[in-house]
Structure formats: structure tokens, C-alpha cells
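Since the model is a prediction, treat every value here as computed from it, not as a measurement. Letters A, B, ... are given to chains in the order of the sequence lines, protein chains preceding strands, and every chain is numbered from 1.
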2 protein chains.
Amino acid sequence: MARGTRETILTAAIELMRVHGYAALSMKQIVAASGAPIGSIYHHFPEGKGQIAREALVNSGVAYAAVIPMVMAEQLELGAGIRAAFAQAADDMESAGYANMCPVSTVAGEVANSDEPLRLAAASVFGDWITLGRMYFHSRGLAEDLAEEVVIAIICSLEGAFVMARTLRSKTPLLAAGRAVAGTYDGIALLPVPAGSQTLL
Amino acid sequence: MARGTRETILTAAIELMRVHGYAALSMKQIVAASGAPIGSIYHHFPEGKGQIAREALVNSGVAYAAVIPMVMAEQLELGAGIRAAFAQAADDMESAGYANMCPVSTVAGEVANSDEPLRLAAASVFGDWITLGRMYFHSRGLAEDLAEEVVIAIICSLEGAFVMARTLRSKTPLLAAGRAVAGTYDGIALLPVPAGSQTLL
DNA sequence: GTCTATAAGAGGATAGAC
DNA sequence: GTCTATCCTCTTATAGAC
């Protein structure tokens, strides 16, 4: 199927927001990056820039929800799994030249106290990550309360370390943050992933 | 001493950046919030908005460097101290109605891949936090390597949890993130603060 | 659904009197 | 060092032909 104009616009917006955030993103940049003329953009997104950002954020969030299950799949011990996840993130970030990995947290920081509709979009992404993560770790044998605490801690630490790593151009923050979170959960066993099981998405 | 115009402008810029970040901050807002006319602002900051943001970020960073020593002063065990610090942050944030506490991380996220001078200003703030924190925990009896790892982990986790807490309007992320980091360092003793010792600033 | 042209305003920054 | 008036660009968004 040919990718629709709508999707092209959203993809361009996600890429641009990873670099520029929300406020510094202009419709002209979206025009240039997507190839869609301004009239088409407003045809598909009548509410303009805010609507594009909201949908782009949600799309982007869905894509990242699959990352933790993917990284954890082979792991049978929680602490080791967390260390592996952060080490993987550190390597990815270094290979990408410390480009931003994900716009959600960047945009959330910009708008949490100044743009309620966008704040709600970001909140829904975080909420979905937490819900899916809790379900995932519960399916791997953790009690629900512990499962939720683990996901929240991983996301907070990872997002904070992403910002610091990008700013300092160093993977040290990711490795240090990963070790710190992992230590608390060393020795906790993870059930193996049932054969043929699907990602939660 | 009467507070100079320069300081008034910087203070206004810090407050505005906490709410709006960097890109969405306008000179007109700085004019309104500081009371200084636009001409005076460019007299004091000839390089304009970017220069104001750089200096505001650094000023703001210096102020926050004192927080960890303050919160940790009474603590004699590292894990408990970390839990206390995050609990304190959670209470502060709730009382403030989930307003942003500190613009450094928000702005760092916006500019890390798009505005090199501002990225460097943010990097210098993070770097100072790490250096001062390493010195502080070392003075409390931790080996330098461990001291540095602890500060980095605390800052990453705290900054990530701030964003999530503001976005979700909940202190749960701060408490969960704090517990996760603290667990790794439970049982590590802190030397008492020497009587009459000064903060590192 | 696509595209061009343009409106209406806000943006950062400057000039120059005081 | 303060302040007003203004410049020019870039912004979001719309109108309306195709």
C-alpha cells in the first residue's frame, strides 16, 4: 500500500520533533520534510501544528512500547535485563551520534505546564508505557505492584539519562543510571517468555 | 543593594523558561515579566535571547547544586538519604502544583541537538553538578568512582521523574524512581558532615 | 485531495532620542 | 543606562483555483 500523505506528514513531524522539540518546530519545516504542500497539511490536520504534534507523539509512543519486551526477551533475571537494556540504549545512542532517540519526553518537558492538550497526549503515552510494561513484567512472573514500580523506574531513569547523554555527548550517564536501577532488582527471576507469544501490541 | 536590571532580567528568564522552555520563550514575555524595556535588555545582553538563556541556565544550575548537600546533611546511610531526597522532591512538586522545578533539563532536551551554544551551557551545568556531587559524596566517605556514579544516577533518575511527574500530575514516579535507585545503595554508610563545614558553593 | 498565493500577526533585533 | 518606535523576517493559518 502506498503510504498516505497523512502518515508521511506524521513521520516527518516525529523526526523533526526529535531534533527541535515542539515549540521550535515550524510548519514550513514540516512542508519541506514531508513534501506535502501547506494546503494539504491543513486539509489533513485542520487544527494545525498542535494536532500534528499530538498525533505524532502518540504514534511515536506506540512504536517505543515494543522496545522493553524486545530487549528483555532473552533475559531471565531482572537486574541483568535492566543492565542489558541500558547498555543497548547507550550503544544505540553512541552509534546515532547522540541524536535524540524519542521525542516524547522532550516534548513532555516543554509542554507539561503550558499546553494542556499536548500535555494530555504525552500523559497518555506515558500511561500506556506504564500499563503495557506492568502487564509485560507481570507476565514474566513479577507481582503487579513490583512490575509497575520497575517500569516507572526504568522509564524515568532512561529518559533522564537520555537527556544527559545527549547534552554531555557521553554514554556514561546511561551506563551509570542503568547500573543504579539494576542493582535494586538483582536476583529477581524472570519467567521465560512463552514460546510463540506475541508482543503486547 | 538594589537588585540590578541584569539580575532582574535573568530571574524573569529563569521563571519563564521553567514554564515555557527555551524556544517558546519570547523577548516580549521577558519584557513584560522583568519590567525592563526591550532596549535595556539588548543593552545588557547584546547577543539577545540566546545569551540570556545561557546565563539564566548557568545561574539556575548554580542554585540547584546546593540541594543535594542540603537534603543529605542529616543522613548517615546512602540508600535512606536517596529515598529522603526523592520524597522531599515529590512533596515539593506536589505543593507547587506540579510546576517545573528547574529549567535546565527541559532546555537541555530542547537544544541538545539543535543549538550548540546552549547545549554547551547545559553541559557545563550538568558537569558542575557531577563534579560537586562527586566531591560531596567523597567527603562523606564514598570512593570517588562510586561517588560519581551515585550523583549521575540520582540526577538522571530525578530529572526523568520530574518530567513524568509533571506530565502525569502525580508524585508516584518520583517515589518509584527514588526507591529503585536507593535500593542499590542500601547499607552504605555516610560519614557525618564535619561540624561547621560549608556547602561546596 | 492537491497546490499557490497571501493574509494577519508575532517573532527577534535595531536605531537613536533622552 | 533607559526607553520608544520601528524594521524585517518568520510564523500560523486561510482562501480559493485546480
Side-chain angles (χ1 to χ4, degrees), chain A residues 1-57 103 106-107 110-111 113-119 121, chain B residues 1-57 103 106-107 110-111 114-121:
Chain A
M1 67 184 179
R3 257 162 52 91
T5 305
R6 233 190 114 85
E7 280 67 38
T8 309
I9 294 166
L10 287 174
T11 304
I14 291 173
E15 289 303 302
L16 288 165
M17 283 200 295
R18 293 195 339 182
V19 178
H20 299 99
Y22 171 67
L25 168 64
S26 79
M27 295 298 265
K28 288 226 166 130
Q29 288 174 301
I30 297 178
V31 167
S34 69
I38 185 78
S40 292
I41 293 179
Y42 277 94
H43 171 77
H44 290 287
F45 301 92
E47 292 161 50
K49 180 178 156 177
Q51 183 187 5
I52 296 174
R54 291 194 301 275
E55 295 196 27
L57 224 53
T106 306
V107 173
E110 284 186 83
V111 302
N113 302 106
S114 58
D115 185 318
E116 190 64 5
L118 255 179
R119 186 215 123 212
Chain B
M1 68 181 179
R3 254 164 53 91
T5 305
R6 232 189 115 83
E7 279 68 37
T8 310
I9 293 166
L10 286 174
T11 305
I14 290 173
E15 289 304 302
L16 288 165
M17 282 200 296
R18 293 194 340 182
V19 178
H20 298 99
Y22 171 66
L25 167 64
S26 78
M27 294 299 266
K28 299 231 163 118
Q29 288 174 302
I30 297 178
V31 166
S34 68
I38 186 76
S40 292
I41 293 179
Y42 276 93
H43 171 75
H44 291 287
F45 301 92
E47 292 162 50
K49 180 178 157 179
Q51 183 187 6
I52 296 174
R54 290 192 305 271
E55 295 196 27
L57 223 54
T106 306
V107 173
E110 285 185 81
V111 303
S114 59
D115 184 318
E116 189 65 5
L118 254 178
R119 187 216 122 212
L120 288 170

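- Counting to the nearest Å, the P atom of D:dT11 and the OH atom of A:Y22 are 14 Å from each other.
- Taking only side-chain nitrogens and oxygens, A:H43 comes nearer than 4.0 Å to OP1 or OP2 of C:dG1.
- The side-chain hydrogen bond (donor to acceptor under 3.5 Å, both in side chains) search around B:R54 returns B:E47, not counting sequence neighbours.
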Listed pairs, N/O of protein and of nucleotides 11-16 of chain C, under 3.5 Å:
residue: C:dG12; atom: OP1; partner: B:L25; partner atom: O; Å: 3.1
residue: C:dG12; atom: OP1; partner: B:K49; partner atom: NZ; Å: 3.3
residue: C:dG12; atom: OP2; partner: B:M27; partner atom: N; Å: 2.8
residue: C:dA13; atom: OP2; partner: B:Y42; partner atom: OH; Å: 2.8
residue: C:dA13; atom: OP2; partner: B:K49; partner atom: N; Å: 3.1
residue: C:dA13; atom: O5'; partner: B:Y42; partner atom: OH; Å: 3.2

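- The shortest non-hydrogen separation linking B:V111 to B:R119 is CG2-N, 3.8 Å.
- Going from atom CD1 of A:I30 over to atom P of D:dC10 covers 17 Å, rounded to whole Å.
- Of all the heavy atoms in B:H20 and A:S114, the pair that sits closest is CD2-CB, 4.0 Å.
- One finds the CD1 atom of A:I14 at 10.5 Å from the CD atom of A:E55 (value rounded to the nearest 0.5 Å).
- Spacing between atom CD1 of B:I9 and atom C1' of D:dT2 amounts to 11 Å, rounded to whole angstrom units.
- A close approach under 4.0 Å does occur between a side-chain nitrogen or oxygen of B:H44 and OP1 or OP2 of D:dT2.
- A distance of 8.5 Å separates CE in A:M27 from NZ in A:K49, rounded to the nearest 0.5 Å.
- Of all heavy-atom pairs between B:I9 and B:S34, the closest is CA-CB, 4.1 Å.
- Atom CD in A:Q51 sits about 16 Å away from atom C1' in D:dT14, given to the nearest Å.
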